[in-house]
Amino acid sequence: MRPKPFHLALALVGLVLGILLSVQFRLTTETMKTPQVSRVQAMAAKVNEARSERDRKQEQVNKMRADLDKIAAGAELGPLRVDLTAARIEAGLAGVTGPGIEVTLNDSNMAAKPGENPNLYVLHDEDILRVLNELRAAGAEALAINGQRVLATSEVRCTGPTILINRNQRLTPPFVISAVGNQDNLANSLKMRGGVIEYLQVFGIQASVKKVSNLNIPAFSGVISFDYAKPEAEVRNNQ
Amino acid sequence: MNKSMYLSIGVITMILGVMLAVQFRTNRFIEQSVPADRAQELQVEYSKLEKDIRKFDREIEDLTYKLEQAKKGQMQAREAIQDELKKARINAGLVTVSGPGIEVVMDNPPSQSRRNSIFIIRDVDLLRVVNELWGAGAEAVSINGQRMISTSEIRQAGSFININLERIEPPFQILAIGSPEKLKSALEISGGLADYFKDLGIVVKIQSHSSLTVPAYSKSLQFNYAKAVWKG
């Protein structure tokens, strides 16, 4: 049998078919490895739902604490209430309001010159630590960064361009640090010669201090629980 | 050419067409799918939220009980408030706590070698160590007996360091309660703070303890500016 033109055509079609089949096969196995859009969407919906559930519970807890506070306000529990309020403010369990300052920090707007370390011009966790520390030394009574209450146990960590605080709160610049306390003391402690702001401004890091007569600092958005640390009295009771 | 040949070519082209269409759809499908790490991020966030929710549930249970008690009468109300006060005081660092953790002792370079090293431990160094410990999940930290609470400062005052307005001097003994392994590895990770200090000639000793006691904040709290607000 002599090959006719349509034999050639058939062979060509067969070749294309074969390539298509193999590509198809590889694509299908690849798709099985990546999570499906629908599944990820379901996951995202679950996360959103959990987030709103947490927020609801947070609100409920806040309300219950307020109720307890009202009960404590009853006649004979006055002194107890004063102690409770102070401990709650210190622990970050109560939101606070009062006069204070707002410090806004942002990355440098200077471009690093060739050969210079560009790292110097970026805001670091350590810079924020210094500012917080300075404010504490100046008698700040409550602190927050971008609306996240700063507790004793709050860490400040650089993760790329963002900063991590209170374990899972990711903050992006600009960072606004609010501090309730004596406005003059707080502002002066940062602005003094050789102080933190002067130090930061050498690198062009943008820092501004604003006095606010009525700052609102929220309570810690979570529950503080200790897994390792046991209060002394309890330890004694167990023994 | 006979008819059967046309027929077979027709069938083959049809199959080809269908396959092309399937192929095209698969391609679009792949473009829509999400990288695996995004999905993992969501998973991590979800488990964190779940943990939070469980903690809130326990807190709500606790508060419900206290509120119920408080409604029963003056005596019970007093008890419930006292209970709540105790909890807040523990959270605030006003109570001495014990538990497993680590002890970090840092000292300036010995005096005979001080000529070679101009370095002494400054406030920022302690600040970084404490921050690292909080980051590793420390629940209570003290330096030379001064409990670190949310308003505690670590501040250079001349050649001394003040914490809670008390002067402390080297060697600095930092106690931290938490998971000893986590706390230790956070400092000892290669290229971490312990390495950094050792390079500067600072003596750093880190020791795990199965039980440590971190003292309470010893001063009284005073809020002259901050007023509590309750959002219900």
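In the text below, chain A, chain B and the rest are named by the order of the sequence lines, each starting its count at 1. None of the values given here were measured: they were computed from a predicted structure. We use all heavy atoms of the structure for the numbers below, so side chains are in, but hydrogens, waters and symmetry mates are not.
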Please assess Lys227(B) against Val96(A) for the test side chain to side chain contact (heavy atoms under 4.5 Å, CB included), listing each intermediate value before the final yes or no. CA-CA 5 Å; Lys227(B) 287 196 177 49; Val96(A) 301; over 6 Å; no

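A salt bridge between Glu50(B) and Arg54(A) is absent, with no side-chain N of the basic residue lying under 4.0 Å from a carboxylate O of the acidic one. Ion pair Arg51(A)/Glu45(B) flagged as a salt bridge, since at least one NZ, NE, NH1 or NH2 atom sits closer than 4.0 Å to an Asp/Glu carboxylate oxygen. Using a 4.0 Å cut-off between charged nitrogen and carboxylate oxygen, Glu134(A) and Arg155(B) count as a salt-bridge pair.
Looking at Ala138(B), the atoms closer than 4.5 Å to chain A (heavy atoms on both sides) all sit in the backbone: N, CA, C or O. If you measure heavy-atom distances from Asn166(A) to chain B, you find no contacts under 4.5 Å at all. Looking at Glu141(A), the atoms closer than 4.5 Å to chain B (heavy atoms on both sides) sit in the backbone and in the side chain alike. In this structure, the portion of Val150(A) lying under 4.5 Å from any heavy atom of chain B is its backbone and not its side chain. Neither the backbone nor the side chain of Ala216(B) comes within contact range of chain A; no heavy atoms are under 4.5 Å apart. Neither the backbone nor the side chain of Leu135(A) comes within less than 4.5 Å of any heavy atom of chain B. Only the side chain of Asp69(A) comes within contact range of chain B, with heavy atoms under 4.5 Å apart. Looking at Ala140(A), the atoms closer than 4.5 Å to chain B (heavy atoms on both sides) all sit in the backbone: N, CA, C or O. Using a 4.5 Å cut-off between heavy atoms, Gln58(A) contacts chain B through both its backbone and its side chain. Only the side chain of Leu94(B) comes within contact range of chain A, with at least one heavy atom under 4.5 Å from a heavy atom of that chain. With a 4.5 Å cut-off on non-hydrogen atoms, Thr13(B) does not touch chain A at all.
The CG atom of Leu132(A) sits 13.0 Å away from atom CD of Glu153(B), with the distance rounded to the nearest 0.5 Å. In this structure, CG on Leu221(B) lies 11.5 Å from OG1 on Thr85(A), to the nearest 0.5 angstrom.
Contact tally against chain A (heavy-atom pairs below 4.5 Å) for Asn164(B), Leu20(B), Val97(B), Val130(B): the top residue is Val97(B). The candidate with the highest count of non-hydrogen atom pairs below 4.5 Å against chain A, out of Ile154(B), Val95(B), Thr213(B), is Ile154(B). Interface summary for chain A: among Leu63(B), Leu85(B), Asp62(B), Asn131(B), the most heavy-atom pairs under 4.5 angstrom belong to Asn131(B). Of the residues considered (Asp227(A), Leu80(A), Asn182(A)), Asn182(A) shows the highest number of contacts with chain B, using heavy-atom pairs under 4.5 Å. Between chain A and the options Val44(B), Asp123(B), Val124(B), heavy-atom pairs under 4.5 Å are most frequent for Val124(B).
Using a 4.5 Å heavy-atom cutoff, the side chains of Arg65(A) and Glu59(B) are in contact. For the pair Ser225(A) and Lys55(B), the minimum side-chain heavy-atom distance is below 4.5 Å.
Each of Val223(A), Ile224(A), Thr153(A), Leu151(A) was evaluated against Asn91(B); a single residue qualifies, Ile224(A), per the side chain to side chain contact (heavy atoms under 4.5 Å, CB included) test.
Between the side chains of Thr151(B) and Glu90(A), a donor-acceptor pair is found at a separation under 3.5 Å.
Contact detail for Pro100(B) and Tyr228(A): the closest heavy-atom pair is CG-CD2, 3.6 Å. Closest approach of Ile81(B) and Leu68(A) over heavy atoms only: CD1-O, 3.4 Å.
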